[in-house]
Amino acid sequence: MKPQLKVSLKPYNTLSLDVKADYFVRIHNINDLHLARNFCQMNDCPWLLIGGGSNLVLTQDFEGLVMVMAMDKVFWPSNITVPKMSDKFALSAEAGYEWDRLVEETIQKGASGLENLSLIPGQVGAAPIQNIGAYGVELAHCLTSVDVFDFKTGQTFQLTTTECKLGYRDSIFKTHPHWIVTQVNLTLNFEHEPQVGYGIIADTIASISGQSITDPSPQQIRDAVIHIRRTKLPDPKYIPNVGSFFKNPVVTSEQVESLTQIWPGLVSYPVALIPVAKTSKTHSSYYKLAAGWLIDKLGWKGFREGGVGVHEHQALVLVCSGSAKGKDVLDLALRIQADVKANFGVKLEIEPRLFDSRGEFTYNLD
Ligand code: FAD
Ligand code: NAP
């Protein structure tokens, strides 16, 4: 393996941050991972794996090996031409396959399950890392297992969905960053159960087709999701961004009640009960607050300063210009965090992963 030297990572992150990697390689197979691991051990240098670069912030030149995942085979089921032989559809895709291309192809082959997750940027291998989710569906709904390469030991193994410990924008991979996903195994359906609980999807399908449709096809749902996303979210090709910059905070029903008295119209949704033991509190129910609503309410939507800002159609999305630095984006995030904390008493957690010259770090109010 002969890494390239001093490579700009601007094309490899959707914030277009122009930092350099001391060493740079593409990973085409498991053997490349072994070679990269040997390289890092021999040179005693840190490493960073990038997929599509749509959920990370690079704040400094990286003093180590940056690997870009390029394993991109898909293994379609053999019964694909006779779909009705089974109502399930099992397929596997290597980590470097483009996520949305996979979604599109599964729908073309008559399978459902991924349509609500249309147009999420990035690669298949990153999907389990934060259990990607949109419009009421998460990867967890159709994940069977994940193939892993352990960068510490060089061993390969498989994790079941349960072992992946998937949660809201969370998984075991966040606490095991040395586990590299090499392949994702999914089970989809030929029997379609539309998930259009997000009101806007049903309304959009109706407005695209000119009539109300009770049983929309996966393709109709995909078209609606793509339409909504293109209207509301900035395309990183033209406006650098990493999607939602903050997770939706989870609070108790008591907090929702008291906040609503001060902030009528507060947007919240019930979430599954968090085990009391985990919080050592006795609240009976929890609610997810729409972080975008909180930020918007404080007047940040459309804000611009220097090369960074808040998208004018979606307050959860921070945007930047070609000249901005990762630190500028993070400083804006910190100001927004502080403002939300001061006004709502709620801490917003940063969603994308943050990297400096040697590896991952956290950047928060406290
Ligand atoms: P990267 O940004 O390359 O990597 C993210 C993290 O995962 C890094 O820590 C990286 O080291 C690690 N990683 C990447 N690949 C692997 C691997 N194979 N094995 C182990 N670790 C790995 N997210 C959602 O959940 N829902 C959305 O609706 C959504 N919409 C978005 C819209 C826009 C416009 C943008 C820009 C982003 C959006 N995102 C959304 C965030 C992002 O697209 C997803 O988190 C996506 O899964 C990231 O994939 P990636 O390949 O770009 O990962
Ligand atoms: P939206 O539809 O305007 O909704 C605002 C917020 O309210 C969302 O955060 C969503 O939570 C929540 N919500 C709306 N309807 C809900 C319902 N019926 N039940 C439970 N929660 C509900 O959001 P948006 O910004 O246009 O995004 C649409 C979807 O794409 C969301 O699911 C969002 O998470 C996803 N998305 C994610 C990213 C990212 O980078 N992570 C970027 C863009 C869009 P949830 O976020 O929990 O769904």
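Indexing begins at 1, ligand by ligand and atom by atom, following the structure's order.
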Item checked: Glu138 to ligand 1, any heavy atom closer than 4.0 Å -> no
Item checked: Heavy atom of Ile200, distance to ligand 2 below 4.0 Å -> no
Next item on the list: For ligand 1, note which part of Ala95 has a heavy atom under 4.0 Å away: side chain, backbone, both or neither.
Entry: side chain
Note to self: I'd like to check which ligand 1 atoms, numbered from 1 as shown, lie under 4.0 Å from a non-hydrogen atom of Val242.
What the structure shows: 35 (C), 36 (C), 37 (C)
Next item on the list: Going by heavy-atom distance to atom 46 (O) of ligand 2, choose the closest among Asn248, Ile120, Ile201.
Entry: Asn248
Next item on the list: Select the closest option to atom 27 (C) of ligand 1 among Ser118, Gly133, Pro128, judged by heavy-atom distance.
Entry: Gly133
Item checked: Protein contact to atom 39 (N) of ligand 1 [nearest heavy atom, distance to 0.1 Å] -> Ile120 CG2, 4.2 Å
Next item on the list: Report the nearest protein non-hydrogen atom to atom 19 (N) of ligand 2: residue, atom name, distance rounded to 0.1 Å.
Entry: Tyr269 CD2, 3.5 Å
Next item on the list: Have a look at ligand 1 and work out which part of Phe355, if any, has a heavy atom under 4.0 Å from it: side chain, backbone, both or neither.
Entry: side chain
Item checked: Residue selection (non-hydrogen contact nearest atom 5 (C) of ligand 1) among Asn55, Asn241, Leu49 -> Asn55
Notebook entry, point to check: Which is closest to atom 1 (P) of ligand 1 in terms of heavy atoms, Pro177, Ala126, Gly122, Gly53?
Noted result: Gly53
Notebook entry, point to check: So which bit of Glu360 gets within less than 4.0 Å of ligand 1, heavy atoms only: side chain, backbone, both or neither?
Noted result: neither
Checklist line | Tyr135, Trp293, Tyr198: member with heavy atom nearest to atom 22 (C) of ligand 2 | finding: Tyr198
Check: Of the protein's non-hydrogen atoms, which lies at the shortest distance from atom 52 (O) of ligand 1, and what is that distance?
Finding: Ser54 OG, 2.6 Å
Next item on the list: Could you find the nearest protein heavy atom to atom 33 (C) of ligand 2 and give me its residue, atom name and distance?
Entry: Arg169 NH2, 3.9 Å
Checklist line | Heavy-atom gap Leu233 to ligand 2 smaller than 4.0 Å | finding: yes
Notebook entry, point to check: Does ligand 1 have any atom that is closer than 4.0 Å to a heavy atom of Trp179?
Noted result: yes
Note to self: Contact between ligand 2 and Lys247 is defined here as a heavy atom of the residue under 4.0 Å from a ligand atom; is it met?
What the structure shows: no
Checklist line | Distance from atom 21 (N) of ligand 2 to nearest protein heavy atom, with residue and atom | finding: Lys288 NZ, 3.0 Å
Next item on the list: Tell me, please: is Tyr168 in heavy-atom contact with ligand 2, that is, under 4.0 Å?
Entry: yes
Notebook entry, point to check: Any idea which of Leu58, Ile132, Ile129 brings a heavy atom closest to atom 7 (O) of ligand 1?
Noted result: Ile129
Next item on the list: Would you kindly check if the NZ (Lys) or CZ (Arg) of Lys109 is within the cone defined by 45 degrees around the ring axis of Trp76 and under 6.0 Å from the six-membered ring centre?
Entry: yes
Margin query: Does only the side chain of Gln123 get under 4.0 Å from ligand 1, or the backbone, or both, or neither? Count heavy atoms.
Written below: both
Item checked: Selection from Ser244, Pro352, Gly243 by shortest heavy-atom distance to atom 37 (C) of ligand 2 -> Ser244
